[in-house]
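Notes follow the structure.
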Amino acid sequence: MSNQKTFKGISSTALHSATNINSEDAHLVPLYATSTFTYSTTEEGMQRFESKDKEKIYSRWANPTCKAVEETIAALEAFGLKDEKGNQLELKALLHSSGQAAMATMFLSNLKAGDAILSHYSLYGGTYELMHKVLADTGIDIHIIDMRNVDEVVKAIEQFANIKLVHIETPANPTIQCVDIEAVTKIAKEKSLKVSVDNTFATPYLQQPFKYGVDFVFHSTTKFLNGHGTAIGGILLGKDIEFMKTKVWKWFALLGGNSNPFDAFLLLNGIKTLEIRMERHCENAKQLATYLAAHKAVEKVNYTGLISHPDFAVAKKQMRYDAPVMSFELKGGLQAGIAFQDKLQMCTRAVSLGTVDTLISHPASTTHHSVPKEERIKFGITDGLIRLSVGIENIEDIIADFEQALQGL
Ligand SMILES: *Cc1c(COP(=O)(O)O)cnc(C)c1O
């Protein structure tokens, strides 16, 4: 990886960390739409096959456009961090076709039948289902607890000796709960357990989990990293380079979860504006949360920047600014939630998050429709809960749209 280059800021890192070797002096990293690579001699072919990098052989194994993305996100997650010897932290990243594919590689390369995973109950729906519907079938045990309570983490680790991996998602969907990465990692490391963090909501701009000694960071790049909603993608990063290049790479390459050059090209160009987009997303979210918290139709706002948020202190400790995603409940419950959504004129009604425009969704009728009501309520997903991913539109327009949609509710 080329994260030997170090920069003073996040945007410079996002713009200049990728290798761009191309014979035509193209300014941008080219879109290498090719399935295979040529070698001029048998000897050269042999050398490439013997190398652990597996570059310039076959695009399921590695592709230069995908590699440019891997180097860039690795540099962002390692930005300003040191390894145990005091050198710039080095990471190895693998770009996948989706967040789900990257997560599958992570779980399967770390766990086998008889092992167990420990995680928090407020998880992304796809993660929850991957654990319960796929991993469970392979004989991997799933233990879901409230990881915001560190005593519960200690208790679970003592109770279940087969736990091998602790998976944290923070901030978590859609209640924006935050798990203390440092505290949980410390407990896990006392028992030599591996720790992974889903950093999708925060991005490396807000939070860098490797700072606390975690082993893996995962992103659905579909969200803020791409930023424009143009492609599905996922990335898995690890600090044990040898493990990433052997064991993890095996699952990546043999399950065939690789991304493709076109999606990688879109992603690479999206990442270039990560910092300035995030600044605007976060600033807009702060103003919108303040507006909503004071509105008479609103019962409750789940936003890390409000003192009323149960994880306010943890969020302050581990995130640079408050999250650009929030949720809120209307006093009028389900009917008011539906009426509000339908009246919106500018903000976009869609699932997903992290795009430049403001996206609004109603978890009870969409993403969490299949979760039984009692379970949903336990997770804080009430019938009237609305989730929003605040875009980079001018805040005056976002508030004006909300104002007219909330009228009379
Ligand atoms: C979207 C998302 C995923 C899954 O990623 P896909 O790109 O949709 O496969 C996982 N975790 C979180 C937090 C997400 O938001």
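Note that ligands are numbered from 1 as they come in the structure, with each ligand's atoms numbered from 1 the same way.
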Atoms in ligand 1 with a heavy atom of [X] nearer than 4.0 Å:
X: G233; result: 7 (O)
X: S98; result: 9 (O)
X: T222; result: 7 (O)
X: S220; result: 1 (C), 2 (C), 3 (C), 4 (C), 5 (O), 6 (P), 7 (O)

Validation row, ring centre F340 to ring centre F402 under 6.0 Å: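 So the answer is yes for these two rings.
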Pairing donors with acceptors under 3.5 angstrom, does anything connect the side chains of [X] and [Y]?
X: H120; Y: E169; value: no
X: H167; Y: S196; value: yes
X: N260; Y: N258; value: no

Among all the protein's non-hydrogen atoms, which is closest to [atom], and how far away is it?
atom: atom 3 (C) of ligand 1; value: Y124 CE2, 3.3 Å
atom: atom 6 (P) of ligand 1; value: G99 N, 3.4 Å
atom: atom 14 (C) of ligand 1; value: K223 NZ, 3.0 Å

Nearest atoms (heavy-atom pairs only) where N269 meets F265: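 Taking every non-hydrogen atom into account, ND2-O, 2.9 Å.
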Sidechain N-carboxylate O distance under 4.0 Å for D215, K189: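 The answer is yes: the pair qualifies as a salt bridge.
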Heavy-atom gap D198 to ligand 1 smaller than 4.0 Å: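 D198 counts as a contact of ligand 1 under the 4.0 Å cut-off.
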Close approach of A172 to ligand 1, heavy atoms, under 4.0 angstrom: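 Checking ligand 1 against A172, which is what was asked, there is no heavy-atom contact under 4.0 Å.
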Distance under 6.0 Å and angle within 45° of ring axis: R320 vs Y205: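 That pair qualifies as a cation-pi contact.
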